[in-house]
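To start, the structure under review is shown below, and the notes come after it.
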Amino acid sequence: LESKGHTVFSDWSEVDGYFDLIAGFDLVEHLYDFKSYLNCCYKHLSQEGVLIIMTGNVSSLPAQKERQSW
């Protein structure tokens, strides 16, 4: 990602400023404190910013077909 000009953060303490978009893909199911994650996102979103969260669906057809390898 950095080779394409994107900044990658590994911890919220590294983040300074506001963003128009924060995306969390296949992430939230691994968080211990989801409320804290949302609060940090809110703190760093610009006034018109968008938060996109996507997570897997264990009831989806691919999950049912693949089971353990999904």
Side-chain angles (χ1 to χ4, degrees):
L1 291 172
E2 291 173 336
S3 65
K4 295 184 177 187
H6 301 286
T7 303
V8 178
F9 301 103
S10 60
D11 189 84
W12 281 110
S13 64
E14 301 172 6
V15 178
D16 187 31
Y18 300 96
F19 300 91
D20 295 326
L21 173 66
I22 298 176
F25 299 129
D26 297 326
L27 167 76
V28 297
E29 65 271 22
H30 303 286
L31 298 175
Y32 293 106
D33 188 356
F34 184 66
K35 185 176 179 179
S36 176
Y37 172 76
L38 288 179
N39 285 332
C40 288
C41 289
Y42 179 76
K43 178 181 173 184
H44 291 286
L45 275 175
S46 65
Q47 191 169 358
E48 298 294 321
V50 175
L51 173 63
I52 299 174
I53 297 175
M54 184 178 82
T55 188
N57 178 358
V58 296
S59 299
S60 69
L61 183 58
Q64 295 298 316
K65 288 178 72 176
E66 301 297 325
R67 301 233 179 228
Q68 292 179 343
S69 64
W70 181 74

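We're numbering straight along the sequence, starting at 1.
With sequence neighbours excluded, the residues that form a side-chain contact (heavy atoms from CB on, under 4.5 Å) with L61 are K65. Listed by chain and number, the residues in a side-chain contact (heavy atoms from CB on, under 4.5 Å) with L31 are L27, V28, F34, Y37 (sequence neighbours excluded). Taking the side-chain contact (heavy atoms from CB on, under 4.5 Å) definition, one finds that D33 meets it with K35, S36, sequence neighbours left out. Partners of L45 under the side-chain contact (heavy atoms from CB on, under 4.5 Å) rule, at least two apart in sequence or in another chain, are I22, L51.
Residue D16 qualifies as open at atom CG: its count of foreign heavy atoms under 6.0 Å is 12 or below.
Y42 shares a hydrophobic cluster with no other residue; no ILVMFWY side chain has heavy atoms under 4.5 Å from its own.
Residue pairs that meet the side-chain hydrogen bond (donor to acceptor under 3.5 Å, both in side chains) test with at least one member in residues 43-52, sequence neighbours left out, are D20-S46.
Atom CZ of residue F25 and atom OG1 of residue T55 lie 11.5 Å apart, to the nearest 0.5 angstrom.
Under a hydrophobic-cluster definition in which Ile, Leu, Val, Met, Phe, Trp and Tyr are linked whenever side-chain heavy atoms come within less than 4.5 Å, directly or via other members, Y18 and L38 are assigned to different clusters. In this structure, V8 is not a member of the same hydrophobic cluster as F19, with clusters built from ILVMFWY side-chain heavy atoms closer than 4.5 Å.
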